[in-house]
Amino acid sequence: QDLEFRSLLANLPENMKVVPPSTSKTGGGVLELQKHLAIDNDKDLDKLKLGGTDKIFIHSRAAGKHGADPLVLHIGSAQASFTLDLAKLNPGKVADAVAEVLENPKIGKIGYDIKSDMKLLKSLGIQLQNVAHDVLVGAFLLNSLMRAQSLTDLAEANLRYEGPAFEDLPTEDFMERGGQFIAVIRELYESQFHALSEAPKLVKLAREIEWPLTPVLADMESRGIKLDVKYLKKFARKLEDSISDLEQTIYGHADHEFNISSPGQLADVLFVKLNLPTQGVKRGKTSFSTAASELDKLRGLHPIIDLISQYREVTKLKNTYVDTLPEMVDENSRLHTTFNLTIAPTGRLSSADPNLQNIPVRTELGRNIRTAFVADSGNVLVSADYSQFEIRIAAALSGDKGMLEAFNRDADIHVETAALIYGIKPAAVTKDQRYSAKAVNFGIMYGLGPHGLSVSSGMDYGASKDFIDKYFQIRPSLKKYIELLRSQAEKQGYVETLLGRRRPTPDVRSSNFVVREAAYRAAINHPMQGTAADLMKLAMIEVAKKLPDDAHILLQIHDSLLIEAPTKKAKKVGKILKDTMEKVYKLPVKLKVDISTGKNWGEL
DNA sequence: CGCTATGGCCAC
DNA sequence: AAACGTGGCCATAGCG
Ligand SMILES: [Mg+2]
């Protein structure tokens with residue numbers, strides 16, 4: 001009915017369903033629909049004609065995750081579009097019909113979330129070449145604060161589309177509206193092409209980073225990483241025993257059973273039943289906080305505190321990782337994450353379902369989970385970590401002489417910072433002094449203030465203020481740089497990374513102090529976190545090009561890459577990684593990458 | 001039962 | 001009221 005002759009179509013044989021060019025009324029806007037043909041039997045595949053074009057538009061749907069069990073492929077040029085019923089068509093014949101176009105590096109591919117299309121095509125044995133534009137990523141580059149990201153959201157916001165949603169459609173409707181999908185993607189592309197013409201840095205960022213990164217991420221997600229499920233199940237039983245013991249001891253101290261995982265019930269036990277002091281303990285909306293930072297203030301007052309901390313650590317590991325990850329492996333015991341490109345305004349990737357960017361490493365107990373991530377037989381895992389990545393970038397962006405000099409002679413930046421602040425020689429810096437300096441080196445990049453430092457360090461407010469003042473005395477360029485960012489956020493309305501990735505800063509003009517200051521801190525952090533993210537992406541593209549065919553990037557964790565490679569090639573791969581990553585971009589600061597190799601991730 | 005808010009905590 | 005940035009996910013609790 002959108003096209004006004006649905007009933008006519010319904011009475012035609014499938015292969016006669018040719019819809020002529022038309023316009024589709026969609027409320028305020030009008031979609032320019034091209035001639036469209038649905039193909040659901042192999043002999044009609046020869047009707048698929050996309051020749052004589054340098055761009056094609058695609059969109060697809062699969063029943064399974066990561067492109068498994070493909071259902072539909074919409075594919076179109078500026079003149080005509082086609083819908084392939086992949087459930088009915090022979091996969092080999094589909095591949096024969098479309099590979100010439102999809103694998104042709106001279107024909108640019110344009111879509112919405114092309115990474116998903118690429119994974120579907122991979123499952124058909126098709127390696128899509130030449131990502132020319134992704135309207136999801138394009139919209140995000142133009143406004144990285146954009147949260148409404150569905151195709152319908154984009155069409156409504158940019159094309160004045162007011163028709164029915166494109167999401168949550170029965171497959172039948174998804175197929176029937178192929179012409180509309182292609183038309184919306186084409187019109188969003190045209191709209192973004194125009195908008196980007198006024199932001200040449202974003203065009204370059206897209207062309208040199210986001211588009212070439214897309215196939216790299218699709219490969220990483222499709223390949224997955226092997227999990228030793230047996231090992232984790234054994235670890236689960238250990239944790240279970242530990243949890244039972246902790247529970248019984250905690251109930252003993254409380255004199256009754258309660259749900260330790262309920263912050264409300266726990267607060268009741270601590271502050272009412274056991275009468276522990278609430279002075280200096282943070283208040284939440286509902287009750288006194290029982291967060292780890294608050295339990296620290298009560299440690300030593302009662303043996304139950306330490307038990308609760310242990311209970312939290314063990315149940316966190318068991319519920320979030322040990323019990324969950326084995327449920328998510330494929331038939332080859334491999335885990336497939338999804339790397340999202342359009343969540344973090346700084347340009348970082350995020351990882352979800354499962355999140356493989358937050359696998360524990362800090363505690364001995366937690367590191368057991370990393371041990372369960374293993375190389376396939378005959379292979380090893382190779383990790384490559386940028387050392388002090390964001391702080392080095394802070395030095396480069398601010399041009400701070402002291403920091404640049406320290407990094408360029410490979411000094412320990414936290415020791416150097418402590419020595420300057422305390423006015424002593426680096427060799428005389430104590431562990432505590434280094435620890436304080438480290439907290440500030442990191443904190444400054446997040447817009448840390450005296451209050452925050454006092455809360456996290458235990459120093460009083462005055463001492464914290466002195467410490468930060470001294471810090472800026474020894475890093476004057478960094479202070480100036482932060483002031484510049486605050487001013488840019490306010491006067492220009494956005495801040496940007498070295499490569500021009502923008503973050504709009506509307507909230508620095510908020511009348512609410514909390515909202516306004518939070519916006520300034522995000523603005524300060526953006527160029528450092530974002531430049532690191534940009535350079536890591538660039539490194540991934542280069543690494544993927546240079547690795548031998550039997551070595552593969554599996555994961556990216558912001559400043560590190562995890563690679564799976566044949567044991568025999570581990571050394572060679574390590575060299576490629578270190579060399580490529582350290583030289584990724586010409587900066588006034590040296591970049592340093594540490595390489596490590598092992599059979600599992602816990603060894604690295 | 002699914003959705004949302006809250007408190008909490010894992011990573012960089 | 002909060003005071004340190006970027007994420008994702010867990011259990012609990014309340015609601016319709
Ligand atoms: Mg590191």
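In what follows, chains are A, B, ... by sequence order, proteins preceding strands, each numbered from 1.
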Going from [atom1] on [X] to [atom2] on [Y], what distance comes out if it is rounded to the nearest 0.5 angstrom?
{"X": "Met403(A)", "Y": "Ile413(A)", "atom1": "CE", "atom2": "CD1", "value": "5.0 Å"}
{"X": "Asp228(A)", "Y": "Ser333(A)", "atom1": "CG", "atom2": "OG", "value": "7.0 Å"}
{"X": "Glu582(A)", "Y": "Tyr386(A)", "atom1": "CD", "atom2": "OH", "value": "8.0 Å"}
{"X": "Gln388(A)", "Y": "Phe442(A)", "atom1": "CD", "atom2": "CZ", "value": "5.5 Å"}

Which part of the nucleic acid, if any, lies within reach of [X] when heavy atoms closer than 4.0 Å are counted: base, sugar-phosphate only, or nothing?
{"X": "Ser351(A)", "value": "sugar-phosphate"}
{"X": "His451(A)", "value": "base"}
{"X": "Arg370(A)", "value": "sugar-phosphate"}
{"X": "Val361(A)", "value": "sugar-phosphate"}
{"X": "Pro345(A)", "value": "sugar-phosphate"}
{"X": "Asp353(A)", "value": "sugar-phosphate"}
{"X": "Thr324(A)", "value": "sugar-phosphate"}
{"X": "Glu313(A)", "value": "nothing"}
{"X": "Arg348(A)", "value": "base"}
{"X": "Leu317(A)", "value": "nothing"}
{"X": "Gln357(A)", "value": "sugar-phosphate"}
{"X": "Asn358(A)", "value": "base"}
{"X": "Ile343(A)", "value": "sugar-phosphate"}
{"X": "Phe513(A)", "value": "base"}

Practice prompt. Walk along DNA chain C from 5' to 3' and tell me the first and last nucleotide with an atom closer than 4.0 Å to a non-hydrogen atom of chain A.
Written response: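 Contact boundaries, 5' end first: dA1(C) to dA13(C).
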Testing the 3.5 Å rule here: is there a donor-acceptor pair between the side chains of [X] and [Y]?
{"X": "Asp330(A)", "Y": "His336(A)", "answer": "yes"}
{"X": "Asp153(A)", "Y": "Ser150(A)", "answer": "yes"}
{"X": "Asp245(A)", "Y": "Ser242(A)", "answer": "no"}
{"X": "Asn340(A)", "Y": "Thr338(A)", "answer": "no"}

Practice prompt. Using side-chain hydrogen bond (donor to acceptor under 3.5 Å, both in side chains) as the criterion, list what pairs up with Tyr520(A), not counting sequence neighbours.
Written response: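 For Tyr520(A) there are no side-chain hydrogen bond (donor to acceptor under 3.5 Å, both in side chains) partners, ignoring immediate neighbours.
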Practice prompt. For this output row, return yes or no: ring centroids of Phe258(A) and His256(A) closer than 6.0 angstrom.
Written response: yes
Response to the item:
Its 5'-most and 3'-most nucleotides having an atom under 4.0 Å from a non-hydrogen atom of chain A, DNA chain B is contacted over dT6(B) to dC12(B)
Worksheet item: Given the P atoms of dA3(C) and dG7(B), what is the spacing between them in whole Å?
Response: 13 Å
Worksheet item: What integer number of Å spans the C1' atoms of dA1(C) and dC9(B)?
Response: 23 Å
Discussion item. Between Tyr471(A) and Asn441(A), is the side chain to side chain contact (heavy atoms under 4.5 Å, CB included) condition met? List the steps.
Written reply: CA-CA 9 Å; Tyr471(A) 183 90; Asn441(A) 272 331; 2.8 Å; yes
Discussion item. Is the ring pair Phe373(A)/Trp601(A) parallel, tilted or perpendicular, if the boundaries are 30 and 60 degrees?
Written reply: perpendicular
Worksheet entry | Ala518(A) or Pro354(A), whichever maps to the more 5' nucleotide of DNA chain C | Ala518(A)
Fill in: Sequence neighbours excluded, every pair satisfying salt bridge (charged side-chain N to carboxylate O under 4.0 Å, His left out) that has a member inside residues 443-472 of chain A
Lys465(A)-Asp469(A)
Worksheet item: Quantified as the angle between the terminal helix axes (five pairs each), what is the overall bend of the helix from dC1(B)-dG16(C) to dC12(B)-dG5(C) to 10 degrees?
Response: 10°
Item to complete: Please report the shortest heavy-atom distance between Arg334(A) and Arg223(A), naming the atom on each side.
Response: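 Scanning both residues, the minimum pair turns out to be NE-O, 3.0 Å.
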Practice prompt. Give the intermediate values and the outcome of side chain to side chain contact (heavy atoms under 4.5 Å, CB included) for residues Lys479(A) and Ile468(A).
Written response: CA-CA 10 Å; Lys479(A) 184 182 170 73; Ile468(A) 291 172; over 6 Å; no
Worksheet item: In residues 270-291 of chain A, which residues come under 4.0 Å of DNA chain B by heavy atom?
Response: Gly284(A), Lys285(A), Thr286(A), Ser289(A), Thr290(A), Ala291(A)
